[in-house]
Amino acid sequence: MSSREILKTELAKLALGPFDSALPGPLRLQMELDGEVIVSAKVETGFIHRGLEKAFERQRWIASISYADRLDPDGPIFGELALCLAVEEIAQLTVPPRAEQVRVLLSELGRISCHMEYLVRVARAVGSDTMIHYVLRDREKILDLFELTTGARYSINFLRFGGIQADITEGFIERILELSELFRIRVKEYNDLFTYNHAFIQRTQGVGTLSSKRVRELGVTGPNARAAGFSADIRKIHPYSGYDKIDFEVPVADLRGLRSGDANDRFLLRLREIAVSTEILRQVAENISDGAFCSRKQGQEIKVPAGEAYVRVESARGLLGCHVAADGGPMPARIQFRTPSHAHLAAIPELLSGTRLEDLPVVLSSLGLGVAEADR
Amino acid sequence: MNAFLWVSSWLEGFGLEQVESIWILAPLGLIFIFLFIIVPSSMIVAYLDRKVTADFQARVGPNRAGPAGVFQSWADFFKLLQKDRNSEVSWSEELWLAIHTMALYSTVAVLPLGSLMLLVDTDMSVFLPFWAALVVALGTMLLGLSQKTVAGWYGGIRVATQAISGAFPALVAMICVGLRAGSFRWSGLVAIQGAAPLSWTAFSNPFQFIALIVFLVSGLVLLAIPPMDAALSSPDVSGGVAAHLSGRRLVLFKMGRFYSFYLWAVIASVLFLGGWKLPFEISENLLEQGKIQLLHFLELCCLMTKSLILILLVIWGARVNPRTRVDQITDFAWTVLSPFALFALIGASLVAGWGVLS
Amino acid sequence: MDKSKLISKLEAGFPGAVLQVQRFGKTETQCLWIEGKRIREVARGLKEDFGFNILENLSVMQIDDALVLTYFLRTSDPETGNYGECLIVRLSAHLKKPNHALEVASIVDFWATALPFEMEAGELFGIHFVLEGGTKRIVTGLRLPVGWRGYPLRKNYVFPESFSGVRHERAWIEKAGGKK
Amino acid sequence: MRRSVFSSVVSYAKDVIWGMRSIFKSCLTAIPYLSGKHDLTKEVTEQYPDPISSKTPDDLPPRSRGMLNNDIERCSGCRDCEAYCPVTCIRVEAEPATDETQIWVSIFDIDFSKCMFCGICTEVCAPGSLRHTRIYGGASPRLSDMVASFGRGPVTETQRAKWAERRKQIEDEKVRLI
């Protein structure tokens, strides 16, 4: 006899609307509540569908890059990189080593800025606004670096087919090395503030557990999968843009069967990924090679022969695949993105059933959802 | 001795002739305390909260309204007064908001503000603010329930559960102090404590120090003050009880919140940190010379500095750490605060008994 | 299992289903063109016998007047669970009338990750995925507003001049002769 | 085996002590910010309109993509930017002229309410007349203010007559030379 039969209560229905401070993006949760505990949750998305994939088909090739970096507003570099790699595979363009290294630098900067956005969301869900301000202050430094080289803080639109739009400005490398020093101190400060904090551990441990078996069945990839012990990093399996030349170690949560992939593990893994990315930044920045930055003249329209390609990139949220089909004309025939946030959205109903209503913000923010990239 | 005689000393200052009847002195005294002590203290606490939090977070904080943003609280006050409520207000919500504020400001009569400025000094005067805090929790709960919104519903119930679990350890900690002082009158409690820190109850023996910490933390739980305000904070289910209040109702609610924060700091400093005791018998010879206003002022300053230090400590702990869930707060209150409170009670009674026997 | 042996076993396994085998784009991953009707049988075979238990991506595109569905399948390495080999299975379905909705068998019961891809393709390309019990999954109102007519990702799609009172800039530009 | 009372009390006490110590340790991280002298802990608020504490256009890096500006003298009216703009926010009307400008760009409007500052138009601009400035404060209450126009304005009748007469003059010279 469950408590409901004894007390003869029915479930309360709650629709947490598209725009709410607890939600990581515009999505609606239709929930049934038994008092404080969520019994079942259904996710409605589609509120931020911008028709990106239709927009690709009516733009010229060069304009589709500025649309590709609007795929995921938190990590603009990954959409561009996937599209550029795919078109370079179709048109058989060679990318000079310096351009590849700058792409790796920008990817890792984008990964750190996306993980910091994740830390801000978790801090807001847990309710400590000091951590929010510390993380945002450090993220400003990355956005300033983006602006220094590419000209824009968010949607950088800096990669071109065959390399990058222009050479990096001269102060870029020194400031990256400074930054990696700064992050070593800052990550220690985040650890003091959150990782060892008893209140934070109590608030996130055992909340939103995602076992590694479920991770594979749902198709969850990226940091969330690695936090559940399932190590799949595209930078290691399908190295692209010079990642095989960099030695770095993919952080995977070793759970020793205690608990698998709860919000605390996902948070800790993001911190470790920031540390690994800083290490990669330092490594690539120290021995960056000189030479051309693009194998094609700037501003010259590209002739993409008929063909197709599917490229995988490790974005900050997981495996980002880009399937490009070209019919030889000035405009792309079809560009489709396989985004990691589909699987994270599919995991929400399972994670939410059985959690308390107060833990809803913690569970949703711990997944690191990119709702804009799921709806495209 | 008529408790409100001190008011007539202020009246002479304004040139009004000697007034004896209690019916005039009492309201005047209450209004005087409310206008010149409660409202400014709430403003100061609000301003300090924002400025110190900004300082912790590498921010500048309010600096537009007045030098270093000193009049920021006034600006907020007037801004909120202009705003009107978007949807119509049900009578039940108005009623419970009124009850919530009345319960809170009924403690003004009992507020220990100085040896002479003590309005009500009965044997039970220590417990009156305590019961008022419970009525406030009840008022907040029913205010939330009457809002008929999800945020209000959950916020209200959570404030009530939290208050119950915070009440027991706070009560036990108060008894420890009463044990040592031998009476539950404000004047009796302060008379025991000397001016020097060592002679304060908190530092007289280790059990009292534990009682101080338990009293402070359970006060935070009882009144849902920042570190324990998961029920009212924004990331909660879209805002908690205060989400749907706006305009002057929000002013009432916010002033109530800051006042309860300030009230608990004053009571804690009177019980444990020597209240308004002035060193080197200043209060005695000031009484002889009849300078009552100066005595009031000095005692008030001494009391205010101690409670402001306590408030800063609480803000420091609140803003840096994440908020805990309400069920974790209640578990914390029952499994950690209550045992420590009882342990302090046993210890304090042993010490008190030892003193009597030897 | 190297490429040629896998292909020959596949052809043996599903006689007549495999229409053509070719390289996918410039890479050497194998790409199998499959009979549209027999996709469920091939999917069951691939999942159970050949161990392709991860569906990485299902992408749909329109070539001339046929919709091509491309399934990217991966084997998973037993102990680490990492991604093993990749196989690409494709089927093309002919569109009788330009705005005609298509029926394709759904493979959700083999790979659960296919559901979001199928729902998106279903709504934007106008494909009704037929579930195992014969019921059709018709998705409306997921990404497009309720009551939106037409399937946007089709090549012949014409933007409505306005929808629920809001003027659609793109339609006017394309009506006025489009871009240079 | 039920844990003995003593060991549960010890673990309880240890847990409480650890909880308090970790809370106190994370509180200590905020203490250096009170002084805020060291550049790691200084205040970072930029109070926007005030030039001293916030970034003015010339503090921004040289490549920063702010509001667009078209130097109409060098603009060749080739309308490449209008074609390549992903959001079609540029409108160009130009006609050949026979005075020293060779091409009379009557209308060159950029609608900044639609522009997404992607910089593609400056890339494909052959004469390089369309450039990004570093000005970023483009907000305005009226939508019509958001359209920046750089064109020379409509051609007046007298100009058209002058051009026709100039063209006739060139015709005569050519006839005389043959």
Side-chain angles (χ1 to χ4, degrees), chain A residues 12-17 19-24 29 31 33 35-38 119 121-138 140 186 189 192-207 263-264 267 355-362 364-365, chain B residues 49-50 52-61 145 148-162 217 220-221 224-240 242-243 315-332 335-336:
Chain A
K13 288 218 179 355
L14 171 65
L16 209 50
F19 303 107
D20 189 285
S21 66
L23 297 170
L29 291 175
M31 291 185 284
L33 301 171
E36 189 77 36
V37 176
I38 300 170
L119 297 183
R121 287 223 173 87
V122 168
R124 203 161 61 81
V126 164
S128 148
D129 44 12
T130 312
M131 176 73 161
I132 294 173
H133 290 282
Y134 289 171
V135 174
L136 283 180
R137 168 201 58 196
D138 304 332
E140 276 305 305
R186 291 301 190 213
E189 192 174 74
D192 288 349
L193 258 180
F194 259 21
T195 320
Y196 307 122
N197 190 318
H198 187 66
F200 179 77
I201 290 172
Q202 221 179 5
R203 198 62 204 278
T204 50
Q205 210 152 43
V207 167
N264 201 357
F267 175 82
T355 62
R356 305 177 62 85
L357 192 58
E358 290 154 289
D359 285 339
L360 176 102
V362 178
L364 288 184
S365 62
Chain B
D49 184 13
R50 287 187 58 167
V52 169
T53 319
D55 219 1
F56 280 139
Q57 296 167 353
R59 284 190 289 128
V60 171
L145 298 187
K148 293 195 247 334
T149 59
V150 174
W153 187 274
Y154 278 99
I157 291 179
R158 285 190 188 139
V159 166
T161 48
Q162 197 175 308
V217 178
L220 307 185
V221 172
I225 296 171
M228 309 286 182
D229 62 351
L232 305 168
S233 61
S234 60
D236 187 68
V237 179
S238 63
I315 291 176
W316 175 36
R319 286 303 170 217
V320 181
N321 292 303
R323 289 191 182 86
T324 43
R325 268 193 339 224
V326 176
D327 64 319
Q328 286 165 350
I329 293 174
T330 41
D331 294 352
F332 172 69
T335 55
V336 176

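The chains referred to below are lettered A, B, ... by the order of the sequence lines, with proteins before strands, and numbering in each begins at 1.
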Check: A:L14 and B:Y154 side chains under 4.5 Å, non-hydrogen atoms: no
For the residue pair A:E36 and B:R158, establish whether any side-chain heavy-atom pair is separated by less than 4.5 Å. yes
Toward chain B, the part of [X] with a non-hydrogen atom under 4.5 Å:
{"X": "A:R137", "value": "side chain"}
{"X": "A:D129", "value": "both"}
{"X": "A:L33", "value": "side chain"}
{"X": "A:Y134", "value": "side chain"}

List the atom of [X], the atom of [Y], and the distance in Å for their closest heavy-atom pair.
{"X": "A:S128", "Y": "B:P322", "result": "CB-CA, 3.7 Å"}
{"X": "B:V320", "Y": "A:T130", "result": "CA-OG1, 3.6 Å"}
{"X": "A:R356", "Y": "B:R325", "result": "CD-CZ, 3.5 Å"}
{"X": "A:Q202", "Y": "B:Q328", "result": "O-NE2, 3.0 Å"}

Pick from B:N321, B:D327, B:T53 with the largest number of heavy-atom pairs that fall under 4.5 Å of chain A: B:D327
Chain A contact via B:R319 - which portion, at a heavy-atom distance below 4.5 Å: both
